[in-house]
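Quick note: residue numbers are just sequence positions, from 1.
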Amino acid sequence: ASAAGATDVMCEAHYCMGVTQFYLGELPQAERELAASVAAFVPAQRSRYFQQFGIDLGTCAMAYRGWVLSLLGRPAEARAAARRLLQAAS
């Protein structure tokens, strides 16, 4: 999918893996997957993501990643992620 330029699919795949790892308690793996989801997110395609997947993948991935960073004991990174999330959501 990545080679085909399907960043929306990659964004969703990493998001789903990250959330799954989060609820399994595998926080380091969750952080990696959620970071990859955020990296694959294309803000200009936000409305298409919402229409296709029913959620704003980028915003959700940023929120979960901030939560994970906090739980991993990385408060400065969690605050920075929260700031980016608020900028992206507005």
Side-chain angles (χ1 to χ4, degrees):
S2 181
T7 57
D8 54 343
V9 174
M10 295 306 293
C11 183
E12 182 191 23
H14 287 296
Y15 171 76
C16 290
M17 288 297 299
V19 171
T20 299
Q21 294 298 320
F22 172 81
Y23 284 107
L24 289 173
E26 301 292 339
L27 299 180
Q29 294 89 335
E31 195 280 324
R32 283 193 297 274
E33 292 292 343
L34 292 165
S37 179
V38 171
F41 177 65
V42 179
Q45 296 180 6
R46 174 176 273 134
S47 63
R48 189 166 70 82
Y49 290 147
F50 190 78
Q51 289 173 352
Q52 187 173 359
F53 301 111
I55 62 171
D56 182 341
L57 289 173
T59 301
C60 290
M62 288 179 208
Y64 268 102
R65 185 168 181 259
W67 192 6
V68 168
L69 289 167
S70 179
L71 292 170
L72 286 171
R74 295 158 57 184
E77 291 176 75
R79 283 190 297 275
R83 283 190 294 274
R84 286 190 299 277
L85 167 63
L86 291 172
Q87 287 177 332
S90 58

A.B. asks: According to a 4.5 Å side-chain heavy-atom criterion applied to Ile, Leu, Val, Met, Phe, Trp and Tyr, with indirect links allowed, do Tyr23 and Leu69 form part of one hydrophobic cluster?
C.D. replies: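 As far as the 4.5 Å side-chain criterion goes, Leu69 and Tyr23 are not connected within one cluster.
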A.B. asks: Transitively linked via ILVMFWY side-chain contacts under 4.5 Å: Ile55 with Val38?
C.D. replies: yes
A.B. asks: Pairs of donor and acceptor atoms involving the side chains of residues 11-20, under 3.5 Å and at least two apart or interchain, shall be tabulated with distances.
C.D. replies:
residue	atom	partner	partner atom	Å
His14	ND1	Glu33	OE1	2.7
Thr20	OG1	Cys16	O	2.8

A.B. asks: Looking at residues at least two apart in the chain, or sitting in another chain, which of them share a salt bridge (charged side-chain N to carboxylate O under 4.0 Å, His left out) with Arg74?
C.D. replies: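 Glu77.
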A.B. asks: Please report the shortest heavy-atom distance between Ser37 and Ala61, naming the atom on each side.
C.D. replies: OG-CB, 3.5 Å
A.B. asks: Would you give the length of the straight line joining atom CE of Met62 to atom CZ of Arg84, rounded to the nearest 0.5 angstrom?
C.D. replies: 8.0 Å
A.B. asks: Distance check, rounded to the nearest 0.5 Å: Leu85 atom CG versus Arg65 atom CZ?
C.D. replies: 11.5 Å
A.B. asks: Sequence neighbours left out, what pairs pass salt bridge (charged side-chain N to carboxylate O under 4.0 Å, His left out) with at least one residue falling in residues 50-61?
C.D. replies: Arg46-Asp56
A.B. asks: Any chance you could measure Leu71, atom CG, to Leu27, atom CG, to the nearest 0.5 Å?
C.D. replies: 6.0 Å
